[in-house]
*Asks:* 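The following block contains the structure, expressed as structure tokens.
In each ligand, atom 1 is the first atom listed, and ligand 1 is the first ligand listed.
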Amino acid sequence: MFNTKMETLPREEIEALQLRRLKELCVRVYAMVPFYRKRFDEAGVRPADIRSLSDLKLLPFTEKQDMRNNYPYGLFATPRENIVRIHASSGTTGRATVVGYTARDIDNWAESVARALGCAEINSKDFIHVAYGYGLFTGGLGLHYGAEKLGATVIPASGGATRRQVQLLKDFGATALCCTPSYALHLWEAGQEAGIDFTALPLRKGIFGAEPWTESMRQEIERKLNIDALNIYGLSEVMGPGVAMECLRAKNGMHICEDQFLPEIIDPVTGEQLPPGEMGELVITTLTKEGIPLLRYRTRDLTSLDYTPCLCGRTNARIGRLSGRSDDMLIIRGVNVFPQQIESMLLENEGISPNYLIVVDRKDNLDTLEIQVEVSDAFFADEIRKLQEIGRAHV
Ligand code: DLL
């Protein structure tokens, strides 16, 4: 297992560490990020007012929109030359949320992913097939660096080319698979077509996340692939995968890396903190990040916090399986999609009315998204004009 110390600290020690890091964080963002200085000043709070973890509620929230308003680098808390990596997640109108990592951020991230893999009882002897996309999305590179940190062997397959992936799983003998849960089932189906029997492969564990999934889907994956299927959570704004991870022992909630991420659950309407066990919106404060630290980031993910002892011996709090979002974001094949993105594309086309229907379905275990639109006469006139022009061009 990896760095069990941080995973098994007594509660008073975790909280003492969190408080020390929270105080430092407030001082740093107040000094380095004009956005936060303004927010502190507006709320009449000074970094020195944070004397206990319960003072967290005095601090302002950060929202996805704040990141967009400060696109691309406005929330960075360190000079740009210290940033060694950029990731981004999709935005509504072309403005992505951009995150920058210092070398230490990358190292801390790798450590939290290595710990996540440790939760799955994966070790340096494992062969880890990473089929999350590599690129601006944090899934591929996040799992990659974590697996390397653990000393395991990484197979950086990335997304797509499904038939080939199935062949690689067989030929390279991966023992662990990292991808979205729906893609795991899609791989299984491709295996069926190619005559590759997953139950005969050395594959034993799956690290699945980046999209919502259910207990019954877990059972289906475990049965079809003959593996243990475990839930991993994360979001690019906060870091990427590895913010929380389920342990193999209990398979009951995802342990948060509490030395790096301070969790709260709030009522999404009033913003009030809710007690452990109550369902609400997950809010995370990053305790170690240098590139783009975030105070009380509203994830919009709905879950609850559990501080009761876990069978595995880890003392870190757990979040339950995510049960939806408090906004209207959709996750299609692991990609975050906002209806507003679709709307702004539609509005660019003359003759298409702003009334539309988004139909989300799942076919062959892959999400599909269909957009039904209303078109006006202008659209047809345009189309006919275009056809006439094309016709003329061909004469
Ligand atoms: O999806 C990071 C990630 C990569 C997590 C690989 C796990 C594995 P984003 O693209 O920023 O980052 O999307 C983050 O995805 O706010 C949730 O709504 C959703 N999500 C992530 N993990 C889970 C999960 C990555 N285990 C958004 N269950 C989050 C349900 C999840 N939803």
*Asks:* Looking only at non-hydrogen atoms, which of Gly209, Gly234, Pro241, Ser236 approaches atom 21 (C) of ligand 1 most closely?
*Replies:* Gly234
*Asks:* Looking at Asn231, which atoms of ligand 1 are within less than 4.0 Å of one of its heavy atoms?
*Replies:* 24 (C), 26 (N)
*Asks:* Test your reading of the structure: does Ala210 have an N or O sitting under 3.5 Å from an N or O of ligand 1?
*Replies:*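 Checking ligand 1 against Ala210, an N or O pair does fall under 3.5 Å apart.
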*Asks:* Does Arg300 count as lying over the ring of Phe338, i.e. NZ or CZ under 6.0 Å from the six-ring centre, within 45 degrees of the axis?
*Replies:* no
*Asks:* Tell me: protein heavy atom nearest atom 28 (N) of ligand 1, and distance?
*Replies:* Glu211 O, 3.2 Å
*Asks:* For the residue pair Tyr132 and Thr138, confirm or rule out a side-chain donor-acceptor distance under 3.5 Å.
*Replies:*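 Distance-only check fails for Tyr132 and Thr138.
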*Asks:* List ligand 1 atoms under 4.0 Å from Ile331, heavy atoms only on the residue side.
*Replies:* 15 (O), 18 (O), 19 (C)
*Asks:* Kindly say whether Met239 contributes a backbone atom to a donor-acceptor pair with the side chain of Tyr101 at under 3.5 angstrom?
*Replies:*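 Yes; judged by distance alone, with no hydrogens or angles, the pair exists.
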*Asks:* To which of Asp301, Val130, Leu302, Asn336 does the heavy atom nearest atom 10 (O) of ligand 1 belong?
*Replies:*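 It is Asn336 whose heavy atom sits nearest to atom 10 (O) of ligand 1.
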*Asks:* Please tell me whether His129 and Phe172 form a close aromatic pair, meaning their ring centres lie under 6.0 Å apart.
*Replies:*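 So the answer is no for these two rings.
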*Asks:* For ligand 1, find out whether one of its N or O atoms is nearer than 3.5 Å to an N or O atom of Tyr132.
*Replies:* no
*Asks:* So which heavy atom on Val98 is nearest to which on Phe76, and how close?
*Replies:* O-CE1, 4.1 Å
*Asks:* Pick one of side chain, backbone, both or neither for how Arg325 approaches ligand 1, counting any non-hydrogen atom pair under 4.0 Å.
*Replies:* side chain
*Asks:* Taking atom 4 (C) of ligand 1 as the point of reference, which of Ala88, Gly142, Gly240, Gly139 owns the nearest heavy atom?
*Replies:*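 The residue whose heavy atom sits nearest atom 4 (C) of ligand 1 is Gly139.
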*Asks:* Answer yes if the side chains of Asn82 and Thr102 hold a donor-acceptor pair under 3.5 Å, and no otherwise.
*Replies:* no
*Asks:* If the threshold is 4.0 Å, N to carboxylate O, is there a salt bridge linking Asp66 and Arg39?
*Replies:*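 The answer is yes: the pair qualifies as a salt bridge.
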